[in-house]
Amino acid sequence: MMNKYPDKSGYYGSFGGRFAPETLMAVLAQLEHQYQAIRKDRSFQKEFAFYLKEYAGRPTNLYLAKRLSTHLKTLKVYLKREDLLHTGAHKINNTLGQILVARRMGKTRIIAETGAGQHGVATATAAALFGLKCVVYMGAEDVERQSLNVFRMKLMGAEVVPVHSGSKTLKDAMNEAVRDWVTNVHDTFYIIGSVAGFHPYPAMVRDFQSVIGKEARRQFLAREKKLPDYLLACVGGGSNAMGLFHVFYEDASVKMIGVEAAGHGTDTRQHAATLNKGGVGVLHGSKSKLLQDGDGQVQVAHSIAAGLDYPGVGPEHAYYQASGRAQYVPVTDKEAIEGLKLLSRLEGIIPALETAHAIAYLSKLARRVKKTSTVIVCLSGRGDKDMNQISQFIS
Amino acid sequence: MNRIEKKFKELKEQKRKAFIAFITAGDPDLRTTAELVEAFEHTGVDIIELGVPFSDPLADGPIIQASYHRALNKGATVKKILGLVEGLRRKTLVPIALMSSYNPIFRFGEEEFIKACARAGVDGLIVPDLPPEEAKNLQRLAQEHHIAMVFFVAPTTMDGRIKSNTQAATGFVYYVSLTGTTGTKTAVASSVVKHVKHIQRFTSKPVCVGFGISTPQQVEAIGRAADGVIVGSAIVKTIEAHHGKRDLVPQVTRYVSSLVKALR
């Protein structure tokens, strides 16, 4: 089962593509050219590896969660500790990669969208590291929910622009970032934070995040002398999940499970379970699954986790789902909080609310498996940023 | 011949340029939209662009975003807008193009949509987030049903693409006067004229200019080179300013009339 995607037009099966305003077509073609060049460029790969190791702190540990495994009985759980990276989440892998591309393209101004603020922080970090001007768009509601991350970005010299249009969350932040890009395309590089957007972004972000899967596969093989039975990761846009999954694509025995945010429940209208409840549509430059009404208007997503609060999803995930290579399951706000408490108490690791969705699903998976199985969970981020929100939710 | 193509042929014979007015269908409501279209035709507007409201338009600035929001809140849908055009066709033959983001069209079903457009009397389609590369199927269907498919050229478009985009376009070519969203910056006539002349070296199709045009002076200056001038946000802003007032239609039409006259 070879994964040859994306094809030349940026499609993964029937998903993907480049649905862009004409003003952006030239820069997207340049970016694609650059992306193809750096894939084969040893000096780029060397430079990227240098920053991942020396600056971000790679490789991250693959940690056997013994007490959690004992608690779950039927699962032997390994945590891929992306939460230990500089800035506290996997997002830095991608922003370091893209900022190196931006430098090669001679761009001097960086823009980004952010939901939970993790991608915004990772972008502000990379921009500070290379002395580039940085503007981060963030939904006004998320600015409120994630004030600590707003402060971090500002401290590193980034300008944070609250977005008041639409649902005031990640989707609207991305709209505003695209509008900025259309306006300032001559000197500006747009660092997209997920495996979403116009081709070649989904492929480029996937490749930069694939360091997660490459390390995890090597580490797991060294420890267990075999491949894992399951991979588990939360999916908003889907970058940490794709970074883990993609590397195992051809390992047919490895089952992949992406966990979506079910908010108040998939039977309500307040959820972000795009792959489970959405229809095919086009948002932010690619064709994928989308939460929308009968008239093609994009619906407002809901999740307690700002980073999952997005009505779209990366096109490659839609392809994995349609082809049956991965399965996507919903986990509610409440279940996620339980997952967060569980990992905090049993392992002394407080995960991000986004990541807590994947943790929460472990209990369900433990009941589902017939014999004791091994699983790698992508521990995509740490929970420090969420403390205010969690204390409010619990009390 | 499609009504848009016919219009440009007539204009060429009369050595005139097209004035194209954009309004959002359903802002403030569909009935007023219909009244505006009729009034615009009477005041000399050559082609009407009706905006199909979308929740997340990428190429639009705050003025048109807000009008889409108002129209959606008032219940405007693709079906109702097609109904509006069908109703208008009993009264007017002014060429009407729909400007829509791609998702409402995709969701409707490309074939169903084109057939419904043809039935209603829509003459052209402008889909800002659908470059020719992604438009092949829609283009084929549009052609079958004699609906013009307008494509864009931007200041960033290289010569190779100017050639292929103008080749793909039917009805007219839409030149985006500036890098930016609708209604946020002001087009500089001298540079626009230079670009338009450059594009005209690649095509004999009409080249119309939009984005950042709001004054009769700009319309006049750009109209010297372009085959048509498109004004959107400035008209939508005037509509917004007269919301809830009885004289909305005459007031907006008076402004549009000042723009139309600049081309005479």
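Within every chain, numbering begins at 1; the chains are lettered A, B, ... in the order of the sequence lines, protein sequences first and strands thereafter.
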request  = Side-chain contact test, heavy atoms from C-beta onward, threshold under 4.5 Å: evaluate it for Tyr11(A) versus Tyr5(A) and give yes or no.
outcome  = no
ask   = Do Val235(A) and His317(A) have side-chain heavy atoms sitting under 4.5 Å apart?
value = yes
inquiry  = Do the side chains of Lys171(A) and Glu113(A) get close enough for a salt bridge, i.e. N-O under 4.0 angstrom?
reply    = no
ask   = Is any side-chain N of the basic residue among Asp309(A) and Lys168(A) closer than 4.0 Å to the acidic one's carboxylate O?
value = no
Chain B contact via [X] - side chain, backbone, both or neither, heavy atoms under 4.5 Å:
X: Val27(A); result: neither
X: Val298(A); result: both
X: Ser167(A); result: neither
X: Gln299(A); result: neither

Identify which part of [X] has an atom lying under 4.5 Å from any heavy atom of chain A, answering side chain, backbone, both or neither.
X: Phe152(B); answer: both
X: Pro104(B); answer: both
X: Pro53(B); answer: backbone
X: Asp60(B); answer: backbone
X: Val127(B); answer: neither
X: Leu72(B); answer: side chain
X: Tyr102(B); answer: side chain

query = Do any of residues 189-200 of chain A come closer than 4.5 Å to chain B, heavy atom to heavy atom, and if so which ones, in number order?
reply = Phe198(A)
Hey, does the side chain of [X] reach the backbone of [Y] with a donor-acceptor pair shorter than 3.5 angstrom?
X: His198(B); Y: Lys194(B); value: no
X: Asp293(A); Y: Gly296(A); value: yes
X: Thr156(B); Y: Thr23(A); value: yes

Compute whether any side-chain donor of one residue and acceptor of the other, for [X] and [Y], lie under 3.5 angstrom apart.
X: Thr32(B); Y: Asp29(B); result: yes
X: Gln321(A); Y: Lys289(A); result: yes
X: Asp172(A); Y: Tyr137(A); result: no
X: Glu260(A); Y: Asn276(A); result: yes

query = Parallel, tilted or perpendicular for His284(A) and Tyr310(A), by the 30°/60° rule?
reply = parallel
task = Heavy atoms only, distances under 4.5 angstrom: which of Arg179(A), Met174(A), Arg18(A), Glu176(A) has the most pairs with chain B? Name it, please.
result = Arg179(A)
